[in-house]
Each structure stands twice: as C-alpha cells, then as structure tokens.
Amino acid sequence: MGGLLTGKRLLITGVLSDTSIAFHVARIAQQEGAKVVLTSFGRALPITEAMAERLPLPAPVLRLDVTERGDLDALQDAVAGHLGGLDGIVHSIAFAPQSALGGAFLDTSWQDAATALEVSAYSLKALVTACLPQMEKGSSVVGLDFDAALAWPGYDWMGVSKAALESVTRYLALYLGERRIRVNLVAAGMVRTLAARSIPGVDRMEQIWRTRPPLAWDVHDPEPTAKACAVLLSDWLPATTGEILHVDGGLHAVMT
C-alpha cells in the first residue's frame, strides 16, 4: 500500500539537527513515500548535509539563503534538477538577533527588528514565489509557527515576526488559491530544538508546557508536530488553507 505522501516532491528548510522539527518532517515524509530535498547555507551547510545522511534515504541539500536574491533566483532550476517539480514546501526558518530577544523589546533597533521580520516572516513569501514556477496545482505549503496570539516574555521581536508570519500565510492563501495551492501553519508547543535553546527564558516556557496543557506534552518530542505537517502536505485536507493548526497539547484553548 502507498504511504500518505507517495509520489510527493518536497522542499524542506531548517534541518539543523536530529532534534529539529524539520528533520522529523523530512524523515516521516520519506517513510510515507515522498522524495525530499533540503536547503541550507553558510556554516550550517555541512551540518545539514550530515543530517541528510541520517534520513531513511540520503537527501540532496541545496544552497539557500532566503535573504540573498541570487540564491532565490537559482532555486527553481536547482529544484527542477533534483525533483522535476514540487508538490510541497516546508518553511522552518526563523532568526532574530540577540538584541531583539530577552526583554530588550523597547530598546531593539529597527535594523535588528527588520532582520527578524525578513528572515522569519517575509522569507515565507520569498521562498514560495521563488518556487512557484515549479509548483503543481494541489501543492501545499506548510510553515512552522509559535502561536502569536499572546506576548511571551523574552520572545519579543520573534513573537512579532511570528504574528507577521501568520498574516503572510493568510495573504498567500488568498493569492495562491486560484492556483489550488494551499498555505497553512502548524503552531507547535514548546519543543527543545537547537533554535529554542537560544531563546532567553526558554526554561520558563518549557515549564508551562510540562504542567499546563490538557494533553500530556513532551518538550523533547518533535514527532507530533512533524506528523501534523505531513498531513497538511498530503491530499487529505484539500480544502484547508490559511489555517493555523495547533499542535500544543491543547494549551492554546484552555486557561489553567
């Protein structure tokens, strides 16, 4: 029997370690029958290449800095060379300078705030439009989110960037609907990834997820989030777009 993603061709960003949610999206996607290409750049490139060898099937790694026009312009040809086309994209890209985190919200310069917004939110639009010529009707774009409905102490301009990411997702859903391309987010609960460990005050946020969700939550387990991404990448939700799917043990829905 075929898997959930049999025949799908996916571009997955953000694989930096085997604790990355994106790594487990790639692993599950391959197990469910998809062909996968990863992206990375700079000092992270050899790390991503090493992680690509740890997947069920070794995956190609394309150079992509989402802030570099040349990398974006070259992306569609690189994707075509490896996959021949695209059925799905996973956006797992976020960055904010340390001066934009940790309670420095009022003192953050526009330059540092703009960096956070460009890399963490605008990059979704940049990535999708760069790949658009290779995307088939019925394709799915899935981004990784951290619910921006509340202000989290220390999360600061990354929180603002996630709110912007949610808005970018809705506008992409609006303008890509006529092409039958779906754009959705998965809002994960706290998972102890490499990126999460760089957030000041992350221990406090982890403690919230250890004690408050109605469903038990394991901050060391990225698989529930990765499985939700796989479902959105599949054909099982063909009329769902502009949505934020919460995978957080239900914490977003309750007051405890």
Side chain proximity check, [X] to [Y], heavy atoms < 4.5 angstrom:
{"X": "Leu62", "Y": "Val37", "answer": "yes"}
{"X": "Thr241", "Y": "Leu174", "answer": "no"}
{"X": "Pro222", "Y": "Thr193", "answer": "no"}
{"X": "Leu172", "Y": "Leu124", "answer": "yes"}
{"X": "Leu64", "Y": "Leu75", "answer": "yes"}
{"X": "Leu117", "Y": "Tyr122", "answer": "no"}
{"X": "His246", "Y": "Asp147", "answer": "yes"}
{"X": "Glu223", "Y": "Arg27", "answer": "yes"}

Fill in: Ser40 side chain to Thr48 side chain, donor-acceptor N/O pair below 3.5 angstrom
yes
Discussion item. Is it the case that atom CZ in Arg210 sees more than 12 heavy atoms from other parts of the structure closer than 6.0 Å?
Written reply: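 Check passes, neighbour count above 12.
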Give me the atom names and distance for the closest heavy-atom approach of [X] to [Y].
{"X": "Leu165", "Y": "Ser120", "result": "CD1-O, 3.6 Å"}
{"X": "Ala22", "Y": "Ile12", "result": "O-CG2, 3.9 Å"}
{"X": "His91", "Y": "Ser123", "result": "NE2-OG, 2.8 Å"}
{"X": "Gln76", "Y": "Pro133", "result": "OE1-CB, 3.3 Å"}
{"X": "Leu16", "Y": "Ala44", "result": "CD2-CB, 3.6 Å"}
{"X": "Ile244", "Y": "Arg170", "result": "CD1-NH1, 4.5 Å"}

Worksheet item: Can you tell which of Ile89, Leu127, Leu144 makes a side chain to side chain contact (heavy atoms under 4.5 Å, CB included) with Thr13?
Response: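 Filter result, single survivor: Leu127.
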Practice prompt. Check Lys35, His82, Glu49 against Pro60 for a side chain to side chain contact (heavy atoms under 4.5 Å, CB included) and give me the one that passes.
Written response: His82
Practice prompt. Report the C-alpha separation of Val186 and Leu232 in whole Å, then their side-chain angles, then the decisive distance to 0.1 Å, and conclude whether the side-chain contact (heavy atoms from CB on, under 4.5 Å) test is met.
Written response: CA-CA 9 Å; Val186 173; Leu232 286 169; 3.5 Å; yes
Worksheet item: Say you draw a straight line from OG1 of Thr169 to CD of Glu243; how long is it, rounded to the nearest 0.5 Å?
Response: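 So the OG1 of Thr169 and the CD of Glu243 are separated by 11.0 Å.
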Practice prompt. Enter the distance from Leu245:CG to Asp145:CG here, rounded to the nearest 0.5 Å.
Written response: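 So the CG of Leu245 and the CG of Asp145 are separated by 10.5 Å.
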Quick test of your reading of the model: are [X] and [Y] salt-bridged, counting only N-O distances below 4.0 Å?
{"X": "Lys162", "Y": "Glu166", "value": "no"}
{"X": "Arg192", "Y": "Asp203", "value": "yes"}
{"X": "Arg9", "Y": "Glu136", "value": "yes"}
{"X": "Arg63", "Y": "Glu68", "value": "no"}

Fill in: Common cluster, Leu176/Val79, ILVMFWY with side-chain heavy-atom separation under 4.5 Å
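Yes, Leu176 and Val79 fall within the same hydrophobic cluster.
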Discussion item. Can a donor-acceptor pair be found, under 3.5 Å and without considering hydrogens, that links the side chain of Gln134 to the backbone of Leu86?
Written reply: no
Worksheet item: What do the steps show when you test Ser161 against Val119 for side-chain contact (heavy atoms from CB on, under 4.5 Å), and what is the final call?
Response: CA-CA 9 Å; Ser161 297; Val119 178; over 6 Å; no
Practice prompt. Test ring-ring contact (aromatic ring centres under 6.0 Å, His included) on Trp152 and Trp157 and set out the steps.
Written response: CA-CA 10 Å; Trp152 296 90; Trp157 285 95; over 10 Å; no
Practice prompt. Report the C-alpha distance between Asp235 and Lys8 in whole Å, list the side-chain angles of each, state the deciding distance to 0.1 Å, and finish with yes or no for salt bridge (Lys or Arg N to Asp or Glu O under 4.0 Å).
Written response: CA-CA 10 Å; Asp235 296 328; Lys8 297 293 186 185; 2.7 Å; yes
Worksheet item: Where do Gln31 and Ile28 land on the side-chain contact (heavy atoms from CB on, under 4.5 Å) test, with the steps shown first?
Response: CA-CA 5 Å; Gln31 290 171 344; Ile28 290 169; 4.3 Å; yes
Indicate every side-chain donor-acceptor pair of residues 101-110 with a distance under 3.5 Å to a residue at least two apart or in another chain.
residue, atom, partner, partner atom, Å
Thr108, OG1, Ser99, O, 2.9
Thr108, OG1, Ala104, O, 2.9
Ser109, OG, Asp112, N, 3.2

Worksheet entry | Candidate pair Val142 and Leu185, rule side-chain contact (heavy atoms from CB on, under 4.5 Å), full reasoning | CA-CA 5 Å; Val142 179; Leu185 295 176; over 6 Å; no
